[in-house]
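As structure tokens, the structure follows; a few thoughts come after it.
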Amino acid sequence: MPALSPEIHQYVCRLARQLDAVEHGGATPLVQQAANFLNWSPQTVYRHLKAAAGWSSGRRARSDKGSTSVSSDALATLGAAQREAVRDNGKQTLFTTTSRGMLEQNGISFGVSNGHLNRLMRDRKLNVAAQRVASPVQQLRAPHPNHTHQVDPSLCLVYYLKDRQYIIRDREFYKNKLDGMAKVKFKVYRYVLYDKASAAIVPWYCEAQGEDQHNLFDFLMHAWGEQPGRLFRGVPRYMLWDKGSANTSAAIKNLLKQLEVEPLDHEAGNARAKGGVENANNIVETQFESRLRFEPVHDVAGLNAAASAWANAYNANLIPGQDTRLRRAGLATSTSRYDLWQLITADQLRLLPPVEVCRALMASKEQSRQVRPNLSISFKHPAADRPGTYMLRGLDGVNVGDTVQVRALVYGDEAVQVEVPRYDGETLIYRVEPERDFDRFGQPAAAAEIGAEYKSAARTGAELAALVMDAKAYPGMDADEVKAARDKKAAPFEGKLVAHSYLHDVELPTYLPRSGTEIEAPAHAQAALAPAMLDATEAMLRLRAGIGRNLTGDEYTFMTARYADGVPEDQIDALVQQFIAPVEQPMRAAGGLRAV
């Protein structure tokens, strides 16, 4: 039965609700009306009512169906308690009888039997069995061969000991399991690559103590490189693998970046994300390794030779007596994996550089460069004879003086990858090729000719941000007017921004005064603070200037007698006022004599 569109599905569900509510005998007209509307037969309407809405004409649902006296919160709590007691291996250790008793002691009531509780939780998908079911998988597709490769290593059933092939399940191995395992220092690991679009499979074996980046590098070189007699080759755009220690190594990631391969890691324990290669591992184990029991090989080199011959035949559907064609719902006819892989185009097939070059790329490090005032950087690509100029003008996030990270790329015309740090900690990544168009004097041909043309430079992010801020600080002004306003020291924000006057209204809390200890100044410091002394003659000259006349004889006698040792300079103003004021009685000279 074909799937219904969302609109028709809603219509069928609405019809089911109408049929539940209609009186006896009223269902047939509604079904006939729907049949006329959808151009279906009544029988087709009934089939879709059952398939899409779960409606059945045999028995009407109870009016109280779906309702219960147990609260949804209590059921959810009961389900959560049981779910939290599930072991890592999936075993349920807490059941309704125990969890109900626990929760009732904590004030949660249920009021129905345990069997009824189990039914309620099962209907609402709250039970452990429903939660144990795997979540739906989002289907993924690759638009062309070599777009996405899936890679997965696993321990192989085969191992070699004293130049003899063993299979882990052999009886002679299990006679003395611990001693046997101790002798097997180097185990055989199987690496399998799966192409998402064509489903082509590439197996490879190595002897090692465990998974490491060296074996992973050798496997990628074997899988992506051109091998005699093998059709499959080339570097993908994306690679999906798990977060193994070898996969997350800096050396392998560095190689992938320079080959412009984006690694995609799936979360731990979610092997379904790369289900293609998981199934490919099973195919290799059951379709190829099962043959080794009957025709052993004596070393890993022979094992790889046999695996390559089998994979070529399997991918090409050339194994005698066996149909290995790929069957997919979207294919008109079953076809071989190599037939699908050959649909790749020239621009999609990126050939792997020599292994020595890849090894050098894996060991190389990214380099730091500072952006020049003309928004360019200088970098020497390994394939170039001299440093080249790479223009970064127009790239978001790039400003003059920024420090960017640069690494050489394999594909392209001496292309490099430029990483620019962003404000939020993320990294912007650009692919840039060097400038090639220069005139005979070595000047950029794209530069503006003096006196003949004018070309405005693309604004950087900092310049664009400056324009926004200028528009806020000097509204309604263009760039020249803003510059003129700054030169005139005009107040920004039209002088309406209150910057400090509001501080007068700040009320400080009342503080208790703190007593202090005075520092006793030394004698020479106190002497420096004493007022300057003027001799009598200098003092009388200042007095004469202050009172505007010559001193009388009595005043002269008074000054010379009273201030024989000099007059303090800070007392001159007081003496001027005294001499100006009316004299009520004659001034007394020193010794108490009165002038008559």
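Not a single donor-acceptor pair under 3.5 Å links the side chain of N317 to the backbone N or O of S336.
Residue pairs meeting the side-chain hydrogen bond (donor to acceptor under 3.5 Å, both in side chains) criterion with at least one member in residues 375-391, sequence neighbours excluded, are N374-S376. Sorted by first and then second residue, the salt bridge (Lys or Arg N to Asp or Glu O under 4.0 Å) pairs with a member in residues 333-362 form an empty list; sequence neighbours excluded. Within the structure, salt bridge (Lys or Arg N to Asp or Glu O under 4.0 Å) pairs that include any residue of residues 218-238 do not occur (at least two apart or interchain). Screening residues 406-417 for salt bridge (Lys or Arg N to Asp or Glu O under 4.0 Å) gives E366-R407, R407-E419, D413-R436, E414-R436 as the qualifying pairs, with residues at least two apart or on separate chains. Screening residues 316-326 for salt bridge (Lys or Arg N to Asp or Glu O under 4.0 Å), with sequence neighbours left out, gives D323-R325, D323-R327.
The existence of a salt bridge linking K483 and D478 is excluded, since no basic side-chain nitrogen approaches an acidic carboxylate oxygen closer than 4.0 Å. Using a cutoff of 4.0 Å between basic side-chain nitrogens and carboxylate oxygens, E433 and R431 are scored as salt-bridged.
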*asked:* Could you go through Y238 and H147, starting from their C-alpha distance and side-chain angles, then the distance that decides it, and tell me whether this counts as ring-ring contact (aromatic ring centres under 6.0 Å, His included)?
replied: CA-CA 6 Å; Y238 300 91; H147 178 274; 5.0 Å; yes

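For an aromatic pair to be called close, the ring centres must be under 6.0 Å apart, and Y205 with H222 fails this.
Under 3.5 Å, the side chains of N146 and W224 contain no donor-acceptor pair of N or O atoms. In the model, Q417 has no side-chain atom that pairs as donor or acceptor with a side-chain atom of Q405 under 3.5 Å.
Residues passing the side-chain contact (heavy atoms from CB on, under 4.5 Å) test with L497 are F493, sequence neighbours excluded.
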